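These notes concern the structure reproduced below.
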Amino acid sequence: PPRSTLFPYTTLFRSTDQNYKPNPDVLFLFNSNGMNVQLRRGGFSYDVYANEEKEDKDSLNLSRELKTLEDLKRINKTTTRYYHRVDIDLAGANINHGVVTEERSEAYFNYYNIEKPVLNVHKYNRVTYTDIYPGIDLVFTAGNGKPFEYTFVVKSGASIADIRLHVSGANNLKVNDDIVSYATTLSTINETIPRCWYVDNGKEYPLDFMFKQDGHNTFGFESKDRIPKNVLVYIDPFPSRVWSTFYGGESYEDIGSYSLHFDSKENLIFGGGTYSTNNIATTGTYLSNFSFQYASSGCITKFSKDGQQ
């Protein structure tokens, strides 16, 4: 499905985690580079992934004899995608909550490449779980150039202490006042709370919230400020992946930490030497493959801030 939007989840988009187990109760799916988000009735899941590209043995022999672009096209590459899923369950929540979709796309998608076609599939920029806890809604937003985020909307009389998020699937969970970190086999996912506020008579006022450990692998939220009565409170965590990727070929690379630099656009740039004849440079560069066996070549590489080479 198109990226950066919330898509209704169908059998088309079923995926498995690192233990090859599917998520059968997923309602919506958000795709982005390196991390997908699955919206489930009882919570949501972060699905981080990384691709590893390799050439087969025949291609490795061919790459040492490349002379033309046609030779390059003959190289057979296989891509393996690795996943790690972290589930965040809303402990004690109402799993029979309402679901409200907003900002529906005018365009729709039809899929005929399965036994039973799926038709009229729209995408949404906003999905709300109503009364997930008594007097509390959970709003998921994405699209229009904005990343995925979720917001708890706490109505007057509701208890913020009811919100409890239980984490499973992470290799390690760290809960600090200003950040929650989920360690996976591929990278780390960090959550912060950049902005919270309450609304009184149509006017917004900032609030300072922090994460709070609430039992084993469970956390919630606590305000550092006094909250007036009869107001709407918005708690707005923001998840982001600390990206990682595979880089290198079939041989040896010499890239020291001293060569790592960031430019003004937060691109990562580094250089070094390589003995590999493949998987170093992208197609269209000055020298995407070289054929000097047992010799090294210099390389300069740039990755964007979201991990794209």
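What you see is a predicted model; the values in this text were computed from it and never measured.
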Exercise. Examine distances only and state if a side-chain atom of R126 and a backbone atom of V100 form a donor-acceptor pair shorter than 3.5 Å.
Key: no
Practice problem: Answer yes or no: does atom CD1 of I269 have more than 12 heavy-atom neighbours from other residues, nucleotides or ligands under 6.0 Å? | Solution: yes
Practice problem: Report the residue from T188, N172, N176, N190 that forms a side-chain hydrogen bond (donor to acceptor under 3.5 Å, both in side chains) with S181. | Solution: N190
Self-check item: Taking every non-hydrogen atom, the tightest pair across S45 and R40
Solution: OG-NE, 2.8 Å
Exercise. Would you confirm whether Y49, through its side chain, and G34, through its main-chain N or O, come within 3.5 Å as a donor-acceptor pair?
Key: yes
Exercise. Identify the two heavy atoms, one from C196 and one from I193, that lie closest to each other, and give their separation to 0.1 Å.
Key: SG-CG2, 3.0 Å
Quiz prompt | With N110 via side-chain contact (heavy atoms from CB on, under 4.5 Å) - residues at least two apart | solution = Y108, Y112, L119, N120
Quiz item: If every non-hydrogen atom of G169 is compared with every non-hydrogen atom of H84, which pair is closest and at what distance?
Solution: O-NE2, 2.6 Å
Self-check item: Under 3.5 Å donor-acceptor, D47 side chain and V37 backbone
Solution: no
Quiz item: Donor-acceptor pair, R104 side chain versus H122 backbone, under 3.5 Å?
Solution: no
Practice problem: Can you establish whether the number of heavy atoms outside K174 located under 6.0 Å from its atom NZ is more than 12? | Solution: no
Quiz item: Nearest heavy-atom pair of I95 and G42: which atoms, and what distance?
Solution: CG2-CA, 4.3 Å
Exercise. Check for a donor-acceptor pair, side chain of T151 on one end and backbone N or O of Y234 on the other, with a separation under 3.5 Å.
Key: no
Quiz item: If every non-hydrogen atom of V167 is compared with every non-hydrogen atom of A170, which pair is closest and at what distance?
Solution: CG1-CB, 4.3 Å
Exercise. Please list, chain by chain and in numerical order, all residues satisfying salt bridge (charged side-chain N to carboxylate O under 4.0 Å, His left out) with R195, sequence neighbours excluded.
Key: E204
Exercise. Please work out whether the ring planes of Y150 and F44 are parallel, tilted or perpendicular, with thresholds of 30° and 60°.
Key: tilted
Quiz prompt | Set of side-chain contact (heavy atoms from CB on, under 4.5 Å) partners for V99, sequence neighbours left out | solution = L27, F28, R41, H97, V127, Y129
Practice problem: Name all residues meeting the side-chain contact (heavy atoms from CB on, under 4.5 Å) criterion together with D177; count only those two or more places apart in sequence or in a different chain, and write none if there are none. | Solution: M210
Quiz prompt | Residues forming a salt bridge (charged side-chain N to carboxylate O under 4.0 Å, His left out) with D162, sequence neighbours excluded | solution = none
Practice problem: Measure the CG-CD1 distance between L90 and I136 for me, rounded to the nearest 0.5 Å. | Solution: 10.5 Å
Enumerate, atom names and distances included, each donor-acceptor pair closer than 3.5 Å involving a side-chain atom of residues 213-227, sequence neighbours excluded.
{"from": "Q213", "atom 1": "NE2", "to": "G215", "atom 2": "O", "distance (Å)": "3.0"}
{"from": "D214", "atom 1": "OD2", "to": "R164", "atom 2": "NE", "distance (Å)": "2.8"}
{"from": "T218", "atom 1": "OG1", "to": "H166", "atom 2": "ND1", "distance (Å)": "2.9"}
{"from": "T218", "atom 1": "OG1", "to": "H216", "atom 2": "O", "distance (Å)": "3.0"}
{"from": "S223", "atom 1": "OG", "to": "D225", "atom 2": "N", "distance (Å)": "3.1"}
{"from": "S223", "atom 1": "OG", "to": "D225", "atom 2": "O", "distance (Å)": "2.8"}
{"from": "D225", "atom 1": "OD2", "to": "D208", "atom 2": "N", "distance (Å)": "2.7"}

Quiz prompt | Minimum-distance pair of heavy atoms, taken over all atoms of V154 and A158 | solution = CG1-CB, 3.8 Å
Quiz item: Do side-chain atoms of D89 reach the backbone of A91 as a donor and acceptor pair under 3.5 angstrom?
Solution: no
